[in-house]
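Data first, discussion second: the structure below is written as structure tokens.
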Amino acid sequence: MFRRTSNMTGLSYSLDVITMLKHVDMWSFDVFALNDASGNHALKIVFFELLNRYNLINRFKIPTSALTSFVESLEMGYSKYKNPYHNLIHAADVTQTVHYLLIKSGIMHWLTELEIFAIIFAAAIHDYEHTGTTNNFHIQTRSDTALFYNDRAVLENHHVSAVYRLLHDNEEMNILSNLSKEEWRELRALVVDMVLATDMSCHFQQIKAMKSFLQQSEAIDKPKALSLLLHTADISHPAKCWDLHHRWTTSLLEEFFRQGDREAELGLPFSPLCDRKSTMVAQSQIGFIDFIVEPTFTVLTEMIENIVTPLIEETSRSELPVFRQYSTGSDGKQSSMKSTHSEGSCSLTTVDFKGFRGTWNQKIHQNRETWRDQAGKVSHRLCKFPHLK
Ligand code: AMP
Ligand code: ZN
């Protein structure tokens, strides 16, 4: 039933898990199925697999015992509040989505190994110990965390701070122990920037700033580019296939409704989308897609084309192109990050901007239409039976 698949991590995966990991490079990757097959360890599996594939365990001499202890604690932190949405499956989903964006868009060729490590690490930790309530709820209820962070990016500050404390206080979990001082500082700066930028209150500013960067054709700032990549992955489920998107929406709304129940108990007004009796799910999702998700993917894709096109041109001019590479199997075979030949889906010569744009565009379109159908049915029912309003 079980096969040892990795010399580096010493993890044994079931055959089901091995089969599922074959799809880790795909947009339609089913993280829920991986979570079921792995006994609620989707985050552990995805994190190990990607560190291994990008050869980061070797490159940064990550002690495998520390990696195991760290990921176990990470998963425990994600399970602390038993959230329907902000749990270890969401963290695994965002980490796998970041990986897809890195390889399919070609942007991984623009990044150093440290930057790739930073974004995978940031994705895995970005909602650590999420309480299942929003920043606004923390502020309104004057929670300890809100008091501690002066009402600013309350949860995001906690996610990154609590993880660094974990590494700092427990040497046996310190996966960063063999980084040089400079590497450690650079990684930390990037991780702090990226996780803080997942705060939705930064969204419009982040999009506006990137748009103006692109118009002025200025060189794009690496931390800003990485932050936009992580933010996009964080809100990407409306661009996935309907079954995945619908499941994420139901989980997120249940989390919001539980907050609404607490707001009612405390005599506070309902936060947006938190009243289980009156929230119009389909309409709110159409709004989220139109105003948030689609513009984010559009700017991200423009940014990527801006960055990667010159790299492709440079590669086609040079005789011995240099590709950044990662190993595509979960058999533990390591491949060098830098190589002189291409490999499968992650070579610069196979980057397909049109295909990349088409994938998310098509799913967004289909999901919007499905929500419109559902919204139409509800309003039709309400017209026929006004007493149901
Ligand atoms: P995070 O809390 O880091 O997962 O940031 C993403 C935020 O985006 C969530 O807290 C939600 O507020 C919001 N979000 C994600 N998906 C949806 C959705 N389908 N509808 C409404 N809000 C969403
Ligand atoms: Zn998140």
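First listed ligand is number 1; within each ligand, the first listed atom is number 1.
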query = Which of the numbered atoms in ligand 1 are below 4.0 angstrom from a heavy atom of Met200?
reply = 7 (C), 8 (O)

inquiry  = For Asp169, I'd like to know if atom CG has over 12 heavy atoms of other residues, nucleotides or ligands within 6.0 Å.
reply    = yes

key: N or O pair under 3.5 Å between His237 and ligand 1   = yes

message = For Glu75 and Asn40, which I'm curious about, is there any donor-acceptor pair between the side chains at under 3.5 Å?
response = no

note = for atom 20 (N) of ligand 1, nearest protein heavy atom and its distance come out as Gln285 NE2, 3.0 Å

2.8 Å shell around the Zn ion (ligand 2), exclusive bound, protein N/O/S atoms = 4

ask   = To the nearest 0.1 Å, how far is atom 22 (N) of ligand 1 from its closest protein heavy atom, and which atom is that?
value = Phe288 CE1, 3.4 Å

message = Parallel, tilted or perpendicular, judged at 30° and 60°: which one describes the rings of His237 and Phe288?
response = parallel

message = Is the contact between Glu156 and ligand 1 made by the side chain, the backbone, both, or neither, using heavy atoms and a 4.0 Å cut-off?
response = neither

CG-CG distance between Leu190 and Leu230, expressed to the nearest 0.5 angstrom = 11.5 Å

task = Using the side-chain hydrogen bond (donor to acceptor under 3.5 Å, both in side chains) rule, pick out the option among His99, Glu113, Glu49 that qualifies with Tyr54.
result = His99

inquiry  = Between Asp199 and Ser201, is there a side-chain donor-acceptor contact under 3.5 Å, judged purely by atom types and distance?
reply    = yes

message = Taking the ring of His138 and the ring of His158, is the distance between their centroids below 6.0 Å?
response = no

Interfacing atoms of ligand 1 (cut-off 4.0 Å, heavy-atom, His90) = 4 (O)

Under 4.0 Å to a heavy atom of Leu252 - the qualifying atoms of ligand 1, by number = 14 (N), 15 (C), 16 (N), 17 (C), 18 (C), 20 (N), 21 (C), 22 (N), 23 (C)

query = Just checking, any donor-acceptor pair under 3.5 angstrom between side chains of Thr131 and Thr133?
reply = yes

request  = Examine the side chains of Gln259 and Thr134 and answer whether a donor and an acceptor come within less than 3.5 Å of each other.
outcome  = yes

ask   = Would the Trp248 and Phe32 ring centres measure less than 6.0 Å apart?
value = yes

ask   = In terms of side-chain heavy atoms, does Ser236 have a donor or acceptor partner in Tyr100 at a distance below 3.5 Å?
value = no

ask   = Could a heavy atom of Phe256 be found less than 4.0 Å from some atom of ligand 1?
value = yes

request  = Please determine if Asp127 has a nitrogen or oxygen closer than 3.5 Å to a nitrogen or oxygen of ligand 1.
outcome  = yes

message = Quick check: Trp360 with His365 (ring centres under 6.0 Å apart)?
response = no

inquiry  = Please list, in number order, the atoms of ligand 1 under 4.0 Å from a heavy atom of His126.
reply    = 3 (O)

message = Starting from atom 6 (C) of ligand 1, what is the nearest protein heavy atom, named by residue and atom, and what distance separates them?
response = Asp234 OD2, 3.6 Å

message = If we only consider heavy atoms of His86, is any one of them less than 4.0 Å away from an atom in ligand 1?
response = yes

